[in-house]
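Letters A, B, ... are given to chains in the order of the sequence lines, protein chains preceding strands, and every chain is numbered from 1. Just the heavy atoms: all of them, side chains too, but no hydrogens, waters or symmetry mates, feed the values below.
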Amino acid sequence: MSITLQRSAAISPPARTARERLGDFLPRIVLAPSFAAVLVFVYGFIIFTGYLSFTDSKILPSFDFVGWKNYVRLWSLPNWWIALENLAIFASLYIVICTAIGLGLAILLDQKIRGEGVLRPIYLYPMAISFIVTGTAWKWFLDPGIGIERIVRLWGWSDFTFDWIKDTQMAIYCVVIAAVWQSSGFVMAMFLAGLRGIDNEIIKAAQIDGATNFKLYKRIIIPMLRPAFLSAFVVLAHLAIKSYDLVIALTNGGPGRATELPATFMYSYTFTRNSMGIGAASAVIMLMMIASVIIPYIYAEVGGGNRGR
Amino acid sequence: MRKCLMLAAAVMLGSIVNAAAQEKVEVLHWWTSGGEAAALNVLKKNLEAEGITWEDMPVAGGGGEQAMTVLRARVTAGNPPTAVQLLGFDVTDWAKQGVLANLDPVADKEGWDKVIPAAIQKFSKYDGHWVAAPVNLHSTNWIWANKMIFDKLGIQQPTNWDELIAALDKIKAAGYVALAAGGQPWQEATIFDSVVMTTGGPDFYKKALVDLDPAALGSPTMKTVFERMIKLRSYVDDNFSGRDWNLATAMVITDKAGMQIMGDWAKGEFRNAGKTAGTDFLCFRFPGTQGTVTFNSDQFAMFKVGQASQDAQFKLAKAIEDPAFQSSFNVVKGSVPARTDVSDAAFDACGKKGMADLKEASEKGTLLGSLAHGHAAPAAVKNAFYDVITATFNGQYTADQAVAQLVPAVQGAQ
């Protein structure tokens with residue numbers, strides 16, 4: 001008995017180390033191809049784009065170095081300023097309205113109402129649709145000839161006007177409407193998860209102290225949702241900066257160039273205006289914008305998380 | 001989406017490698033609509049009769065933006081298609097990259113120099129050598145009018161700007177949409193082509209839009225052009241932005257609108273609706289531009305594909321310039337043949353007029369490239385024009401502001 005035990009003890013260590021070694025390596029082996037692909041196709045091409053932004057590339061990539069010339073040209077182009085101005089309007093409204101609607105819906109859904117299981121996915125489903133579909137559908141809703149304006153007029157309000165999408169001043173707000181419709185449900189889900197994570201004891205304690213519902217939310221619950229706010233902001237901000245397909249489907253940058261965004265600017269200069277160098281420069285600026293949102297977030301998540309635990 | 005295209009290109013690339021090494025041509029184009037595809041089928045049949053396999057590579061999307069993305073991927077990968085449908089300065093731009101083949105042996109044998117107008121040759125040749133075979137010639141200074149509305153209101157065909165405005169006023173007063181237009185930059189620029197031509201004449205057109213002379217671009221004439229653009233905008237319905245050109249044509253076909261300023265591809269829409277030139281609709285040159293033609297020409301640019309495929313490539317080029325093919329293709333497409341020695345027997349009234357106008361303009365030297373369709377200036381400059389034209393047409397600039405914006409925008413894009 002004791003011999004067999006000793007034997008198995010004597011044999012098993014090398015066998016276990018072999019398995020352990022395989023166990024150590026297996027995740028690396030499995031991850032290696034995707035890691036290599038990400039390294040080349042994401043980071044490699046980021047570096048390549050950065051390089052192209054310093055060259056005189058026109059129709060095809062070229063490798064003649066021209067220094068900062070593309071950046072100087074970029075910042076002197078009225079189209080780029082229009083795109084940035086539109087992004088400022090779009091991003092600020094999109095983030096604020098989505099957060100407000102998302103939070104409102106989450107608080108209402110959190111009142112232990114009946115049918116929450118049905119309502120939640122209804123609000124969340126727009127997120128499952130691609131931006132192209134949202135853009136096309138809203139293009140039809142907002143079109144004065146066939147959409148909301150026409151319906152309301154048919155109902156009898158014959159001087160009702162809603163032609164923002166045809167108006168150069170207002171068209172960018174149409175993009176906001178469609179984008180908010182798409183993303184609010186998702187933000188709601190994030191806040192709902194946050195609300196569910198709040199300790200009931202705290203709420204009960206506040207209620208015993210005589211806090212009204214309004215005060216309870218204002219003073220206790222919403223401040224405790226801080227991490228959810230941060231996540232929502234980061235998700236919405238990067239969606240706003242990279243949004244391309246929604247604008248293409250909804251207005252195609254029009255009327256005129258009224259809804260041009262940095263992403264549509266980048267595509268048009270790189271691929272239709274044969275100015276790849278300027279397109280690459282604008283892509284680098286966009287990357288920097290996104291990085292300025294994401295990096296502090298990652299820093300806060302990693303650094304702050306460690307300290308907290 | 002770009003990823004998708006790349007993927008598609010990669011898949012196609014794979015299929016080419018597997019294909020048997022028999023004589024074949026691979027053709028990248030964006031003629032995917034019914035009539036266009038049927039027209040191209042004629043060419044395919046002609047080549048198959050000579051034992052050459054046609055590998056079709058259609059990439060849908062008018063104007064060929066998507067097709068160009070595929071082409072970039074293919075050329076960068078060192079495996080270009082045999083022939084690619086290209087427009088105007090795109091041919092020159094690709095030739096500059098040194099990737100186009102030399103077609104001189106075919107061109108010399110077939111005598112292209114004599115039968116193809118010099119204005120088209122400017123794009124088909126690079127550095128004195130033929131690099132592309134022109135398929136057709138579209139002209140953009142046309143007006144397509146609804147005959148019923150014209151007859152009912154007693155409107156005669158206008159011959160100058162004032163008569164055009166009078167006619168538009170009459171149509172508008174009768175409760176029709178006077179001018180059918182789509183609010184897309186290229187459509188607005190198509191109108192701009194004609195307005196520049198009628199306001200300044202061919203010399204001014206050439207100076208401002210082809211030579212890009214800053215003095216002409218900033219001149220009072222250019223200000224008048226923008227004032228006229230703003231005037232024309234007042235005859236368009238408010239729901240025009242983003243409308244496709246064929247929907248605007250449909251407004252004329254269905255008696256909703258009086259006229260449309262559009263290139264001769266609009267004729268295809270009338271034909272498909274079963275309308276006849278002269279009895280259901282009228283075609284005439286934009287008032288004040290008779291005798292001049294602003295054109296764009298579809299060409300098949302031939303890429304360097306190696307010695308083995310050269311024979312097939314030359315046969316393809318020869319088949320494209322075959323007069324019988326030029327006639328049958330262009331009857332369907334609505335354009336006119338790129339060579340001036342083709343019989344006009346098979347064409348309708350508008351086609352016959354188009355061919356006669358082309359001959360006249362070619363001899364008088366008033367055959368000029370259309371700015372809107374990339375035949376007056378390269379893509380970067382064209383888009384700089386688009387920016388100003390579309391902003392003015394959509395009411396963001398006054399005529400003064402437009403001129404002030406145009407000069408630096410065009411200079412900056414060169």
Side-chain angles (χ1 to χ4, degrees), chain A residues 41 45 57-62 72-74 76-80 82 130-132 139-140 142-147 149-150 161 163-169 171 174 244-245 248-260 265-279, chain B residues 1-3 5-6 63-73 75-76 89-90 92-99 182-188 237-244 247 374 378-384 386-397 405 408-409 412-414:
Chain A
F41 292 109
F45 281 114
S57 303
K58 295 264 181 236
I59 194 167
L60 286 177
S62 110
V72 175
R73 268 293 305 285
L74 178 70
S76 71
L77 284 171
N79 274 342
W80 176 243
I82 293 175
S130 95
F131 270 116
I132 290 284
K139 181 166 90 181
W140 293 334
L142 294 168
D143 188 307
I146 53 174
E149 179 180 302
R150 189 177 137 82
T161 341
D163 56 357
W164 285 8
I165 199 165
K166 306 287 178 192
D167 183 335
T168 48
Q169 298 299 316
C174 290
Y244 169 80
D245 33 9
I248 290 297
L250 189 66
T251 62
N252 203 2
R257 302 265 184 245
T259 51
E260 206 80 67
F265 175 97
M266 187 273 290
Y267 184 83
S268 93
Y269 274 77
T270 312
F271 294 107
T272 63
R273 299 186 183 218
N274 296 345
S275 312
M276 201 175 270
I278 293 176
Chain B
M1 196 180 71
R2 236 162 64 221
K3 270 188 205 148
L5 286 175
M6 298 272 223
E65 235 173 77
Q66 281 83 343
M68 287 306 107
T69 314
V70 174
L71 180 59
R72 270 194 186 85
V75 173
T76 313
F89 278 93
D90 288 347
T92 316
D93 283 345
W94 282 105
K96 267 186 205 154
Q97 304 290 329
V99 291
Q184 293 169 343
W186 71 267
Q187 293 189 50
E188 292 150 3
D237 61 316
D238 283 333
N239 201 12
F240 79 112
S241 72
R243 179 189 287 148
D244 285 321
L247 299 182
V381 177
K382 176 185 86 174
N383 278 290
Y386 278 14
D387 290 342
V388 179
I389 294 166
T390 193
T392 313
F393 205 72
N394 284 287
Q396 283 166 301
Y397 292 157
Q405 293 285 336
Q414 283 177 61

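Using a 4.0 Å cut-off between charged side-chain N and carboxylate O, A:R273 and B:D387 make a salt bridge.
A 6.0 Å sphere centred on CD of A:Q169 holds no more than 12 heavy atoms belonging to other residues, nucleotides or ligands. Heavy-atom contacts from other residues, nucleotides or ligands closer than 6.0 Å to CG of B:D244 number more than 12.
Side chains of B:D90 and A:N274 form a contact here, defined as non-hydrogen atoms less than 4.5 Å apart. B:R72 places a side-chain heavy atom less than 4.5 Å from the side chain of A:I59. Residues A:K166 and B:F240 are not in side-chain contact: their nearest non-hydrogen atoms beyond the backbone lie 4.5 Å or more apart. Residues B:Q396 and A:P255 have side chains not in contact (no heavy-atom distance under 4.5 Å, counting atoms from C-beta outward).
Shown here are the salt bridge (Lys or Arg N to Asp or Glu O under 4.0 Å) partners of B:D93, two or more places apart in sequence or in another chain: there are none. Not a single side-chain hydrogen bond (donor to acceptor under 3.5 Å, both in side chains) links A:S130 to another residue, sequence neighbours left out.
Using a 4.5 Å cut-off between heavy atoms, A:D143 touches chain B through its side chain atoms alone. Residue A:I165 touches chain B through its backbone alone, counting heavy-atom pairs closer than 4.5 Å. For chain B, no part of A:D245 is nearby; none of its heavy atoms comes within less than 4.5 Å. Neither the backbone nor the side chain of A:S268 comes within less than 4.5 Å of any heavy atom in chain B. Of the two parts of A:T272, the backbone and the side chain both hold a non-hydrogen atom closer than 4.5 Å to a non-hydrogen atom of chain B. Heavy atoms of B:D238 lying under 4.5 Å from chain A belong exclusively to its backbone. Looking at B:Y386, both its backbone and its side chain come within 4.5 Å of chain A, counting heavy atoms on both sides.
Considering only heavy-atom pairs separated by less than 4.5 Å from chain A, the leading option among B:S241, B:A391, B:G412 is B:S241. Listed options B:A409, B:P378, B:G183, B:A379 were ranked by heavy-atom pairs under 4.5 angstrom with chain A; first place goes to B:A379. With chain A as partner, the option from B:V75, B:N383, B:T76, B:I389 having the largest number of non-hydrogen pairs under 4.5 angstrom is B:N383.
We find the OH-OG1 distance between B:Y397 and A:T168 to be 11.0 Å, quoted to the nearest 0.5 Å.
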